[in-house]
Engineer: 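Below: one structure in structure tokens.
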Number of protein chains: 2
Amino acid sequence: MDVGTTGCKAVLFSDDGRLVSQSYREYPLYHPKPSWSEEEPEEVWRGVIEVLRETVAKSRIDPVEVKALSVSAQGEAFTPLDRGLKPLYRCVTTWDDRAVEEHEYILEKIDRTRLFKLTGHPSSPVYTLFKLLWFKRRKPELYGKTWKFLLWEDYVNMRLCGAPAIDYSLASRTMMFDIEKLRWSTEILDLADLDADKLPEPHPSGTVVGEVSRRASEETGLAEGTLVVTGGHDQACGALGVGAIHPGPAYVSTGTVESIVVASDKPLTDPRVLSMGYASYCHVAPNRYLTLGANPTAGVLLRWFRDKFGREYVEEAASKGVSVYDIMVKEASRVPIGSLGLFVAPYFMGAGTPNWDTYARGLVIGLTIAHGKPELVRAILEGVTYELRLNVEALEELGVEVEELRTVGGGARSPFWLQLKADITGKRVVVPVITEASSAGAAMLAGLGAGLYKSLDDALRRFYREARVYKPRMDVKRSYDRFYGVYVKLYPRVKDVYKMVFDLLRG
Amino acid sequence: MDVGTTGCKAVLFSDDGRLVSQSYREYPLYHPKPSWSEEEPEEVWRGVIEVLRETVAKSRIDPVEVKALSVSAQGEAFTPLDRGLKPLYRCVTTWDDRAVEEHEYILEKIDRTRLFKLTGHPSSPVYTLFKLLWFKRRKPELYGKTWKFLLWEDYVNMRLCGAPAIDYSLASRTMMFDIEKLRWSTEILDLADLDADKLPEPHPSGTVVGEVSRRASEETGLAEGTLVVTGGHDQACGALGVGAIHPGPAYVSTGTVESIVVASDKPLTDPRVLSMGYASYCHVAPNRYLTLGANPTAGVLLRWFRDKFGREYVEEAASKGVSVYDIMVKEASRVPIGSLGLFVAPYFMGAGTPNWDTYARGLVIGLTIAHGKPELVRAILEGVTYELRLNVEALEELGVEVEELRTVGGGARSPFWLQLKADITGKRVVVPVITEASSAGAAMLAGLGAGLYKSLDDALRRFYREARVYKPRMDVKRSYDRFYGVYVKLYPRVKDVYKMVFDLLRG
């Protein structure tokens with residue numbers, strides 16, 4: 001299972017690592033206030049039930065043949081439940097900023113460095129900790145009635161087998177988990193005066209925590225007795241899905257957002273990790289940590305361009321029956337390297353790692369009257385990819401080897417963009433056969449729990465194969481080195497302007 | 001007469017300053033090499049003849065009633081003619097860069113500061129001096145055969161009355177005229193080894209230099225004996241046309257390019273004038289000098305936006321039968337002050353005065369995914385107008401009072417943009433009744449020469465009246481002060497990036 005923000009997916013894999021069948025359901029997000037973001041737990045659970053039924057049905061396999069299940073889950077999002085598992089409130093998701101004051105309150109008691117050392121995350125109101133505190137302070141009665149605050153992995157596990165079991169990677173995303181001691185942090189819970197027994201039970205990923213109950217079997221169509229195994233945070237499962245559990249390969253997911261995950265033996269503790277905005281926390285692989293960087297505006301910029309400036313592209317796509325992005329990228333591919341001196345810094349929603357700046361905004365520099373739509377699209381793709389190179393270089397500077405980029409997501413469907421990644425970063429770029437990386441990672445953990453594999457490396461030998469490889473063309477790389485040399489100078493030059501604009505608009 | 005780069009215009013005024021009739025003809029520019037720019041002298045002359053005939057015919061006035069004529073002319077452009085007035089080459093115009101090497105050659109012999117002191121112009125290959133030297137060095141035979149190199153004022157005067165008479169303002173635009181001694185600079189001519197007798201005869205503006213000959217009368221339909229009076233450079237005539245011959249009012253012409261002209265008693269000699277790119281040279285008013293600043297990319301940016309991103313606006317304009325710019329500006333007018341934190345620095349063809357940087361390129365900063373076409377159009381208009389404020393402030397810092405902006409050109413047809421000029425600069429913005437400012441200025445000089453007016457001030461009392469006035473709204477001004485405060489910080493931050501991009505693209 002993969003339970004995401006806007007939909008869930010069930011994917012059935014054979015023990016030799018073939019994708020047998022899959023099914024997907026969307027569910028809505030609710031915004032009772034513009035900056036709040038909630039899901040209806042029953043709608044998500046209904047989605048889970050439906051995709052499980054559908055995936056097994058599509059496979060034409062007897063449900064008893066399904067050995068085990070693990071959940072890959074979105075981070076942070078949680079639901080308060082009573083003892084009878086009745087939701088006492090909607091699920092509060094990551095992109096909900098209700099807990100800004102609670103965040104400030106905690107930061108008065110503990111500094112960011114200590115919080116980072118304990119949890120591996122740069123502090124931000126997105127994390128579960130602050131939202132739990134919000135409930136405790138603003139809905140004390142509801143807080144009192146709450147038996148458990150469950151994230152989606154533990155919620156699904158609870159519904160399937162009665163164990164509110166979370167793994168270490170997803171637990172890390174709450175900002176309450178001690179990533180070295182591997183248990184809820186009493187230091188943090190004490191600060192916030194929160195009760196540890198209202199939290200799920202942490203286990204290593206790949207641990208059998210129960211079996212599908214009769215009732216759950218009736219609901220989901222899974223066979224009673226199917227093993228329920230701890231999975232992980234979707235970024236961690238995705239990294240496992242492409243084999244990024246040892247130093248070397250990086251997991252790059254290019255969608256609306258672009259993320260990069262690398263593995264290491266220890267969490268990264270260099271103070272720059274915090275200031276660059278990386279999270280460095282428990283991996284789903286035993287005794288491994290992952291470091292996660294992200295650019296919040298990757299594919300979303302192509303959508304922005306399509307919606308705001310691309311009506312002609314949309315019309316052409318409709319008349320030809322092809323994807324509008326294919327048309328945009330094709331036009332961009334005809335523009336010379338470096339977009340005729342045009343640069344786009346994609347900070348339309350702030351700068352992600354490693355510049356890490358919530359004030360930052362989009363920058364376009366180098367415009368002449370010769371520039372039009374194709375040049376802008378190419379400059380957007382180049383800018384997003386320069387950000388990926390910034391991340392690769394920052395991670396290498398922090399001591400993590402990045403040998404190649406193993407990439408999935410919508411961006412991995414564009415050969416032009418994949419080659420651009422190789423040419424700009426100078427790394428080998430690989431698209432795996434199985435691009436459902438989070439689901440594959442969860443399935444490997446399920447198989448490990450079920451005893452099908454001796455180790456995750458054993459599982460990977462069956463699941464991971466290269467479908468397509470893009471190698472850097474060294475002449476193009478040399479050209480891009482020169483453009484990148486200018487690109488890296490842009491942010492430091494205008495950094496203080498972003499804060500000025502922020503202050504200006506605040507009044 | 002107004003003889004411009006792409007067309008010429010004849011405008012007939014009554015002695016009490018009413019515009020009686022006018023006529024316009026376009027003529028082509030030729031580009032034998034991409035960066036060369038030429039006009040065919042006979043085509044221009046045919047245009048002159050046609051508009052003169054047509055304007056008099058439209059007026060239904062007996063040609064003998066037309067007392068006098070003066071020419072307002074584009075700067076720099078000149079034609080080599082033999083003794084029989086046969087063109088020996090096409091007219092070479094301003095935006096022709098053939099003389100880059102000759103420019104460098106002269107700069108090895110004399111420094112920019114001295115050249116500026118003598119001529120009032122920051123050195124550049126656009127000026128006539130370097131192109132004359134080009135002929136002398138590369139076409140020595142043609143140079144030898146040339147009787148006169150004439151600019152358009154003196155060419156027309158010569159054809160009408162036999163006197164190759166140029167005025168001081170247009171002579172200044174050759175970079176060979178000593179603006180203090182008011183004669184051709186022997187220092188400069190000696191440096192370039194050019195013959196002063198191949199140049200036209202300089203006279204003050206408003207000097208009667210002859211009468212329309214019988215032959216010219218037959219060609220043009222003007223009456224024999226009509227007085228031919230020296231006019232001036234089009235920027236100088238335009239400034240006179242709106243009364244900018246004393247310190248106080250500035251002449252602002254907003255078209256493809258936006259220019260600003262202010263008058264003073266002496267040329268400005270502050271070294272910053274040169275580094276900011278201002279030209280400070282002879283005015284058409286006696287004992288007056290003008291200072292000229294310009295933004296090379298004003299209206300041209302709206303055209304760029306229309307052509308590259310505005311198909312929907314073009315379609316809407318066609319279906320409604322209105323101007324596409326009206327639609328663009330209307331949408332922009334609905335966006336809040338400051339375009340939601342979006343800034344556009346309009347340096348798409350380099351920065352004009354006062355940042356004066358040929359390497360500069362367009363900059364867009366502050367983008368979020370909320371920004372689309374209307375916000376960009378507004379940010380373009382705001383950016384162009386911030387540049388106007390930069391010029392107003394720079395001129396004031398250099399000691400020239402700017403009390404109000406008297407504005408003409410396409411940009412003066414937009415009430416929104418006019419109010420924006422007032423709100424951003426904090427100056428009263430006036431659109432005069434007669435917006436054909438260069439023609440009006442030439443007509444005043446003709447009238448002065450013909451003895452109809454005691455002085456140019458006397459002429460102005462009849463010609464200049466306010467049609468519409470836009471006053472700064474102080475609350476809006478205060479808001480814009482804050483946005484402008486951020487805007488002025490942008491160029492210094494990224495100045496060195498522009499040179500890097502230039503070097504990058506050169507190879």
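A note on names: the letters A, B, ... follow the listed sequences, proteins ahead of strands, and every chain is numbered from 1.
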Engineer: Can you tell which of D496(A), V344(A), L301(A) has the highest number of heavy-atom pairs within less than 4.5 Å of chain B?
Structural biologist: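 Ranked by heavy-atom pairs under 4.5 Å with chain B, first place is D496(A).
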Engineer: In residues 483-493 of chain A, which residues are in contact with chain B at a heavy-atom separation under 4.5 Å?
Structural biologist: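 Those residues of residues 483-493 of chain A which have a heavy atom under 4.5 Å from chain B are F483(A), V486(A), K489(A), L490(A), R493(A).
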Engineer: Quick check on E315(A) against chain B: is it the side chain, the backbone, both or neither that has a heavy atom closer than 4.5 Å?
Structural biologist: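 Only the side chain of E315(A) comes within 4.5 Å of chain B.
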Engineer: Pick one of side chain, backbone, both or neither for I369(B), based on which atoms fall under 4.5 Å of a heavy atom in chain A.
Structural biologist: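 Contact with chain A is through both the backbone and side chain of I369(B).
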Engineer: Name the region of L504(A), side chain, backbone, both or neither, that has any atom closer than 4.5 Å to a heavy atom of chain B.
Structural biologist: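 Its backbone and side chain both get close to chain B.
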Engineer: Is the number of heavy atoms from other residues, nucleotides or ligands under 6.0 Å of R413(A) CZ greater than 12?
Structural biologist: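 Atom CZ in R413(A) is not crowded, with 12 or fewer foreign heavy atoms closer than 6.0 Å.
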Engineer: Less than 4.5 Å apart, any side-chain heavy atom of L363(B) and any of L363(A)?
Structural biologist: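 Yes - at least one pair of side-chain heavy atoms lies under 4.5 Å apart.
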Engineer: Should we say atom NZ of K495(B) is surrounded by more than 12 heavy atoms from elsewhere, each under 6.0 Å from it?
Structural biologist: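 Count not over threshold, so no.
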Engineer: Kindly check if the number of other-residue, nucleotide or ligand heavy atoms within 6.0 Å of NZ (K308(B)) is above 12?
Structural biologist: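 For K308(B), atom NZ is crowded (more than 12 foreign heavy atoms under 6.0 Å).
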Engineer: Is it the side chain or the backbone of D307(A) that comes within 4.5 Å of chain B heavy atoms, both, or neither?
Structural biologist: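 No part of D307(A) comes within 4.5 Å of chain B.
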Engineer: To the nearest 0.5 Å, what is the distance between CZ (F348(A)) and CG (L367(B))?
Structural biologist: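 Answer for the CZ-CG pair, F348(A) versus L367(B), is 4.0 Å.
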Engineer: Would you indicate whether M500(B), at its atom CE, is surrounded by more than 12 heavy atoms from other residues, nucleotides or ligands within a distance under 6.0 Å?
Structural biologist: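 Check passes, neighbour count above 12.
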Engineer: For K330(B), does the NZ atom have more than 12 heavy-atom neighbours from other residues, nucleotides or ligands under 6.0 Å away?
Structural biologist: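 At most 12 heavy atoms, drawn from other residues, nucleotides or ligands, come within 6.0 Å of this atom.
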Engineer: Within a strict 4.5 Å, meaning less than it, do heavy atoms of the V501(A) and F343(B) side chains meet?
Structural biologist: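 When only atoms from C-beta onward are counted, F343(B) and V501(A) do touch, with a gap below 4.5 Å.
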Engineer: What are the two closest non-hydrogen atoms of R361(A) and L340(B), and how far apart are they?
Structural biologist: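 Taking every non-hydrogen atom into account, NH1-O, 3.1 Å.
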Engineer: Against chain B, label A370(A) side chain, backbone, both or neither, depending on which of its atoms sit under 4.5 Å from a heavy atom there.
Structural biologist: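 Only the backbone of A370(A) comes within 4.5 Å of chain B.
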Engineer: Could you measure the distance from the CZ atom of F309(A) to the CD atom of E312(B)? Nearest 0.5 Å is fine.
Structural biologist: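 Those atoms lie 10.0 Å apart.
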